[in-house]
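Below is one structure, written out as structure tokens; comments come after it.
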Amino acid sequence: MTEQEARQRWMSVLAQAAPREVEQCWQALEERPAYRILRGPEIGSVMVRARAGGTGARFSLGEMTVTRCSVALEDGRVGHAYVQGRSTPHAERAAVFDAMLQDPAERPRLEATTIGPLEERRESARRRAAERVSATKVQFFTMVRGDD
Amino acid sequence: MLAGLAHAVLDSQRVFRAVLDASSHPGRVVAVPPPVETPPPLWPATASLCLALVDMDTPLWLDAAARAPDVAEYFRFHCGCRIVTAPGIARFAIVVDPRQMPALEEFDVGTDEYPDRSATVIVQVEALEEGIAGQRLAGPGIENEARLLARGLPEGFWRSIRQNHALFPRGVDVILSADDLIAAIPRTTRVIG
């Protein structure tokens, strides 16, 4: 995994976790770093764009409310977060986590205490939803008409 | 990286109000609310003006003295603007060292059909004082005559302002800044004497 993919993964995990879960992880930290706010946290909206079937023409799906925040730690590392919804503490915490995770020395510890468990919870919620939905799955098929 | 305006919306409105006040009264020295942090070598007023006015649709040009990595990063992050190297395609320009500034005609002066598509040039000076001494100005927004003392401007500056005025309706609009103060010299302003 490249550095960029690794960062995309933890930013995604932090953004998709519930605000309450991110707050719990923050409170559970032994040491919370000092940081300065660079921007926000501020609430706005983004236009979500998509492609039909993943390959079709691009179209605007609709607007989504997001909250974003950017922070800088004392050593100059900058963290960003864009999270769905209107939770300003969620965006702020996620941005600080993003800045902290950029330090390779801190990463394994945070991976074990924060990102790993949050990702595990996200995946199990996803699996539960998939199982619930698959029980009601309907198979469509067409009978061959006896024309010949 | 440094922080910009403390309250993006409210502070932008305050800055806009200050620019409006300055532009409608050329030569008047107006205070601008400063950003939380300003990258050197910019004045807080220069940074605030750009934070409030510059966005992704307005390319920004920086002179050699302003072209510090911190400055470019600051505006790219807070304004989302492009930093351009040719003065002619910029909508806003920052001149930190007026002694080395390009001729005003090198910036976009707009066209006769669309004179509004011109650049705004922010020129940093050492100090600004109004009323008592300095250059005499007249024109729209000035009742009889205004006097503006701007320290740190090169010899031919007011001559180039006069040439800029002669291009009307084309021409650039100039804003002088010093510390947290600004004074506007729009293209309509005449230089006396």
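Labels below follow one simple rule: chain letters A, B, ... track the order of the sequence lines, proteins then strands, and each chain is numbered from 1.
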Search all heavy atoms of [X] against all heavy atoms of [Y] and return the closest pair with its distance.
X       : Y       : answer
A/Leu38 : B/Leu2  : CD2-C, 3.6 Å
A/Arg36 : B/Ala3  : NH1-N, 4.3 Å
B/Phe77 : A/His80 : CE1-CE1, 3.5 Å

Nearest 0.5 Å please: distance from the CE atom of B/Met1 over to the CZ atom of A/Arg77.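 That separation rounds to 14.0 Å.
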
Other residues, nucleotides, ligands: >12 heavy atoms within 6.0 Å of [X] [atom1]:
X        : atom1 : result
A/Arg109 : CZ    : yes
A/Arg58  : CZ    : no
A/Gln27  : CD    : yes
B/Arg82  : CZ    : no

